[in-house]
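All remarks here apply to the structure that follows.
Everything quoted here is computed from the prediction, not taken from an experiment. First listed ligand is number 1; within each ligand, the first listed atom is number 1.
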Amino acid sequence: MTAVPANMPIPGHIDPVPVPRPITEREDGRIDLLGLPKKQIAGLFEEAGLDRKQAKLRAKQVYHWIYHRGISDFDAMTDIAKTMRPWLAERFVIARPEVVEAQHSSDGTRKWLLRTADNHDYEMVFIPDADRGTLCVSSQVGCTLNCRFCHTGTMRLVRNLTPGEIVGQVMLARDALGEWPKGRMDMADEETEAEYTADGRLLTNIVMMGMGEPLYNFDNVRDALGIVMDGEGLALSKRRITLSTSGVVPMMDRCGAEIGVNLAVSLHAVTKDVRDEIVPINKKYGIEELLQACADYPGASNARRITFEYVMLKDKNDSDDDARELVRLIKKYRLPAKVNLIPFNPWPGAPYECSTPERIRSFSNIVFEAGISAPVRTPRGRDIDAACGQLKTAAEKKSRAELDRIAAEKQAAQD
Ligand code: SAH
Ligand code: SF4
């Protein structure tokens, strides 16, 4: 084994690991339609033998049942001819991610441990509030970016989640919360659109803040959110969806242009030294480059601000000077910004502590007095390890020491 040099940089591969895997093959040979757009469903129906016109019509109906109604049994699709339903069921399924465990926090937060068809575990979290309910969705199993304060960052990346596995999280949450429109939904039915989108829903917002770096799984995240935002799909407004990135600068423009959701950026530090240490992707895309990409983000405005996430780490990034520098940077780039101060959520073996409440207050005041909103996020679901940065599935455990060793060996092999 190679000795680790004392001045070794914080390890962590910075480039995305390409793990293409569109649809996982099913053992029974049927194709899972979950996560597929209408066009692709029509293509599959045509390949299976329907003529083009039929395929298009059936795809429209099935798409509506899947995403608007949450139906996963072809037999319940009442506007499709009775003889057609078994034909569909022989060739296709509408699956859900498998739920391995569901946990309830004392504060109402719920966490689900999910399993992919090829046996990888990932998590989603639902956070209810008085005026909204937010689902925190994962984009990858694990993460390639070893942010030093993040528990997920101690997992290796196993693979990107498919669009079906991403949309599947939202579908499961709606199942669990009982939030599918009732009614029969025959196409000829009198039911109106208003009945589907009735207010008073529990699940109102989505944040791509679970496991993984969504911009390193761009295509699948874009396709999944496309279905979530589609008026004929899950019909959630893009204003209610936020994607959080650790700063994958080259993908930010495409994120704004092709997905168009709200942007959150995990800034966490205002100097190169500190950000290099705690968010290692900074060594590739530095703070100034990142903030310029934020200034250029399509669709950002005072009405749709960019959120800067800032985890409060004791004696690391939490001084008054840090707060003043944060203000200076936001003003320099004229960013329509708000700052979200996140008290550090501890996990076993974490190398940091949370800043004191007084320190957080002082930091928040400095930012706030400069005219920038800087609320402190209340930690939720800490008792079930569902809070920010605590997600990590037992099945994929790898200790930080082990990761450091692997990175050092890789480095040595390259030298
Ligand atoms: N990979 C993306 C999205 C997932 S992380 C990103 O990094 O932005 C969601 C948020 O939780 C990020 O801002 C992340 O920095 C923060 N976070 C990670 N670990 C944390 C911890 N232990 N305590 C508090 N926040 C944490
Ligand atoms: Fe990955 Fe985000 Fe955790 Fe960093 S904070 S390791 S990018 S999930």
| note | One finds that the ligand 1 atoms under 4.0 Å from a non-hydrogen atom of T245 are 6 (C), 8 (O)

| query | Counting no waters, how many protein N/O/S atoms sit under 2.8 Å from atom 3 (Fe) of ligand 2? | reply | 1

| With respect to N340, which candidate in V376, V311, T307 satisfies the side-chain contact (heavy atoms from CB on, under 4.5 Å) definition? | T307

| When you look at D118 and T116, which way does the side-chain hydrogen bond (donor to acceptor under 3.5 Å, both in side chains) test go after all the steps? | CA-CA 5 Å; D118 57 346; T116 65; 2.6 Å; yes

| said: I need the atoms of ligand 1 closer than 4.0 Å to a non-hydrogen atom of I342, numbered in the order shown. | reply: 24 (C), 25 (N)

| task | With side chain to side chain contact (heavy atoms under 4.5 Å, CB included) as the test, would you mind laying out the steps for M208 and I259 before giving the verdict? | result | CA-CA 12 Å; M208 295 302 301; I259 309 180; over 6 Å; no

| Does at least one non-hydrogen atom of G212 fall below 4.0 angstrom from an atom of ligand 1? | yes

| task | Check the pair K111 / E123 against salt bridge (Lys or Arg N to Asp or Glu O under 4.0 Å), numbers first and verdict last. | result | CA-CA 7 Å; K111 179 168 93 168; E123 295 177 327; 3.5 Å; yes

| note | Taking only non-hydrogen atoms of C150 and a 4.0 Å limit, the atoms of ligand 1 in range are 18 (C), 19 (N)

| request: Select one of side chain, backbone, both or neither to describe which atoms of H268 lie under 4.0 Å from any atom of ligand 1, heavy atoms only. | output: side chain

| said: Pair F74, W65 - check side chain to side chain contact (heavy atoms under 4.5 Å, CB included), show working. | reply: CA-CA 9 Å; F74 292 105; W65 283 111; over 6 Å; no

| With R159, the side-chain hydrogen bond (donor to acceptor under 3.5 Å, both in side chains) member among E165, H120, Q140 | E165

| task | Number the atoms of ligand 1 from 1 as they appear, then name those within less than 4.0 Å of a heavy atom of E213, with their elements. | result | 1 (N), 2 (C)

| query | So is there a nitrogen or oxygen of M208 less than 3.5 Å from a nitrogen or oxygen in ligand 1? | reply | no

| Heavy-atom nearest option to atom 3 (C) of ligand 1, drawn from S266, S244, P343, A264 | S244

| request: Decide if the gap between the ring center of F92 and the ring center of F45 is smaller than 6.0 angstrom. | output: yes

| field | Closest candidate by heavy atom, reference atom 10 (C) of ligand 1, pool R377, E309, M312 | value | E309

| Is ligand 1 less than 4.0 angstrom away from at least one heavy atom of W347? | yes

| query | Taking non-hydrogen atoms only, is M209 closer than 4.0 angstrom to ligand 1 via side chain, backbone, both or neither? | reply | both

| message | Any salt bridge linking D129 with R380? Criterion: basic side-chain nitrogen under 4.0 Å from a carboxylate oxygen. | response | yes

| field | Sub-4.0 Å atoms of ligand 1 with respect to non-hydrogen atoms of N345 | value | 21 (C), 22 (N), 23 (N), 24 (C)

| note | Per-atom filter on ligand 1: closer than 4.0 angstrom to a heavy atom of G210 are 4 (C)

| salt bridge (Lys or Arg N to Asp or Glu O under 4.0 Å) partner of R359, the single match among D320, D322, D318 | D320

| said: Once you measure the plane-to-plane angle for F149 and H268, does it fall in the parallel (<30°), tilted (30-60°) or perpendicular (>60°) bin? | reply: perpendicular

| Charged N to carboxylate O under 4.0 angstrom, E288 versus K332? | yes

| request: State if H151 counts as touching ligand 1 under the rule of any non-hydrogen atom under 4.0 Å. | output: no

| message | Can you tell me how far apart CD1 (I278) and CG (N317) are? Round to the nearest 0.5 Å. | response | 5.0 Å

| Of all the atoms in ligand 1, which lie at a distance below 4.0 Å from a heavy atom belonging to V311? | 23 (N), 24 (C), 25 (N)

| Does an N or O from F149, backbone or side chain, lie closer than 3.5 Å to an N or O of ligand 1? | yes

| task | Could you tell me whether the side chains of E213 and S139 share a donor-acceptor contact shorter than 3.5 Å? | result | no

| said: Could you check whether any side-chain heavy atom of Y216 comes within less than 4.5 Å of a side-chain heavy atom of C143, counting everything from C-beta outward? | reply: no

